[in-house]
Amino acid sequence: VDKAAREGHRHEVVAWLCFLAAGLADETALALAPVPFLFTLWRFGKRLRWPAIAVRAFAYALPVATLTPLQFMFTIDDEPRLADYRIGLHVIDQVWALSAQLALPLHSQSPLAESFASYTPVQWAAGALVIAAGVVLLVVGSWLTRLLVVWTGLALAPFTLWDLQWTAPRYVYMAAVPFSIVFAWLLVSAWRSLPWPALRAAGLAFAAPATAVILALGANATIQRNAAWQRSSEPFRTLAQGLKQQLPH
């Protein structure tokens with residue numbers, strides 16, 4: 001085995017360890033197990049033999065098969081919502097709502113939950129557009145684009161099984177990375193397809209202030225949401241400190 005191959009194997013081991021650490025830190029990260037496996041196939045598929053592919057598939061399937069049952073075994077009594085965690089037609093509503101949350105996160109209320117009833121028609125339309133664009137890219141996009149779309153879908157998958165009429169902004173955090181890459185690629189592709197240099201120059205002139213406004217609004221929303229988290233967690237801080245004072249050491 002040459003030096004480049006050994007270096008590649010070391011990188012794969014490090015990637016697997018990072019995936020395992022992510023799964024231990026947050027079990028929903030286990031849904032992303034196919035992403036590094038598919039990336040390896042996309043990047044080195046022509047060089048890999050079937051035994052090597054099987055070893056990589058087993059390596060990523062093992063943490064999922066081991067940790068997922070433990071999650072349901074030891075937390076179902078502590079998390080009553082798991083009683084509403086199932087496969088059904090409600091998955092369609094959840095996918096739509098999560099796509100809307102991903103595309104157009106307009107809410108600034110309680111950071112813990114967003115009721116479907118609070119979604120505006122514009123948000124529902126944005127969610128439908130995201131789903132339609134994902135389907136189109138899966139059919140006609142490049143393999144890298146398809147990988148990003150699959151990555152987005154897998155990142156949302158654990159949260160689509162709640163049979164509840166609400167979602168939460170934190171449910172789309174892992175999907176935000178591939179979604180942002182695809183969105184940026186689509187914007188750049190649209191800009192490059194403009195037929196006249198004057199239109200491309202106008203697009204750049206519009207993009208700069210638009211980006212600044214989006215960043216300012218996003219920063220303000222983040223500050224408000226952090227403040228809401230602080231207010232909602234304040235009673236728990238008071239309780240924890242009070243228990244330390246009241247209970248004997």
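Note that the numbering runs from 1 along the sequence shown for the chain.
Nearest heavy-atom pair, Leu147 versus Val35, reported as atom, atom and distance to 0.1 Å: CD1-O, 4.1 Å. Of all non-hydrogen atoms in Gln123 and Ser118, the two that sit nearest each other are OE1-O, 4.2 Å. Taking every heavy atom of both residues into account, Ala52 and Leu48 meet most closely at CB-CD2, 4.2 Å. Of all heavy-atom pairs spanning Thr152 and Ala175, the tightest one is O-CB, 3.8 Å. Between Pro69 and Ala65 the shortest heavy-atom distance is CD-O, 3.1 Å. The two residues Phe116 and Ala97 make their nearest non-hydrogen contact at CE1-CB, 3.4 Å.
In Ile87, the CD1 atom is not crowded: 12 or fewer heavy atoms of neighbouring residues, nucleotides or ligands sit closer than 6.0 Å. At most 12 heavy atoms of other shown residues, nucleotides or ligands fall within 6.0 angstrom of atom CG in Leu89.
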Quiz: residues 125-135 side-chain donor-acceptor pairs under 3.5 angstrom, not counting sequence neighbours:
none

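Ser180 contributes a side-chain N or O that, together with a main-chain N or O of Ala176, makes up a donor-acceptor pair within less than 3.5 Å. Between the side chain of Trp96 and the backbone N or O of Trp124 there is at least one donor-acceptor pair closer than 3.5 Å. His90 places no side-chain N or O within donor-acceptor distance of the main-chain N or O of Leu164, the cut-off being under 3.5 Å. Side-chain atoms of Gln94 do not come within 3.5 Å of backbone N or O of Gln165 as any donor-acceptor pair.
Clustering ILVMFWY residues whenever any of their side-chain heavy atoms sit less than 4.5 angstrom apart, transitively, puts Ile181 in a cluster other than the one holding Tyr173. Follow the hydrophobic side-chain contacts under 4.5 Å out from Leu187 and you never reach Trp185; the two are in separate clusters. A continuous path of hydrophobic side-chain contacts links Phe37 to Leu138 [ILVMFWY only; heavy atoms under 4.5 Å].
Note: Phe183 CZ to Leu186 CG = 8.0 Å, rounded to the nearest 0.5 Å. Distance CG/Leu137 to CG/Leu144: 11.5 Å, rounded to 0.5 Å. Considering CG of Leu104 and OG1 of Thr120, their distance stands at 6.5 Å, rounded to 0.5 Å. Note that CG of Leu32 is 11.0 Å distant from CG of Leu38, once rounded to the nearest 0.5 Å. With rounding to the nearest 0.5 Å, the separation of CG in Leu41 from CD1 in Ile53 is 5.5 Å.
Legend: residues meeting side-chain contact (heavy atoms from CB on, under 4.5 Å) with Val172, ordered by chain and number and at least two apart, are Leu98, Gln101, Leu102, Leu156. Thr66 meets the side-chain contact (heavy atoms from CB on, under 4.5 Å) test with Leu62; sequence neighbours excluded. By the side-chain contact (heavy atoms from CB on, under 4.5 Å) test, Ala33 pairs with Phe19, Tyr60, Val64, sequence neighbours left out. For Trp42, the ring-ring contact (aromatic ring centres under 6.0 Å, His included) partners at least two apart in sequence or on another chain are Phe39. Legend: residues meeting side-chain contact (heavy atoms from CB on, under 4.5 Å) with Glu12, ordered by chain and number and at least two apart, are His9, Thr40, Arg56. Residues passing the ring-ring contact (aromatic ring centres under 6.0 Å, His included) test with Phe179: none are found, sequence neighbours excluded.
Hydrophobic clustering, defined by side-chain heavy atoms of Ile, Leu, Val, Met, Phe, Trp and Tyr closer than 4.5 Å, leaves Val188 isolated from every other such residue. Cluster partners of Phe206, using a side-chain heavy-atom cutoff of under 4.5 Å among ILVMFWY residues and allowing indirect links: none. In this structure, Val140 belongs to a hydrophobic cluster whose other members, linked by side-chain heavy atoms under 4.5 Å apart, are Val136, Val139.
For residues 136-165, the salt bridge (Lys or Arg N to Asp or Glu O under 4.0 Å) pairs, not counting sequence neighbours, are Arg86-Asp163. Applying the side chain to side chain donor-acceptor pair (under 3.5 Å) definition to pairs two or more places apart or across chains, those involving residues 16-26 are Asp26-Thr28.
No side-chain heavy atom of Val55 sits less than 4.5 Å from a side-chain heavy atom of Trp50. Side chains of Val150 and Pro34 form no contact here, defined as non-hydrogen atoms less than 4.5 Å apart.
Of the listed residues (Thr68, Leu24, Leu20), just one forms a side chain to side chain contact (heavy atoms under 4.5 Å, CB included) with Leu30, and that residue is Thr68.
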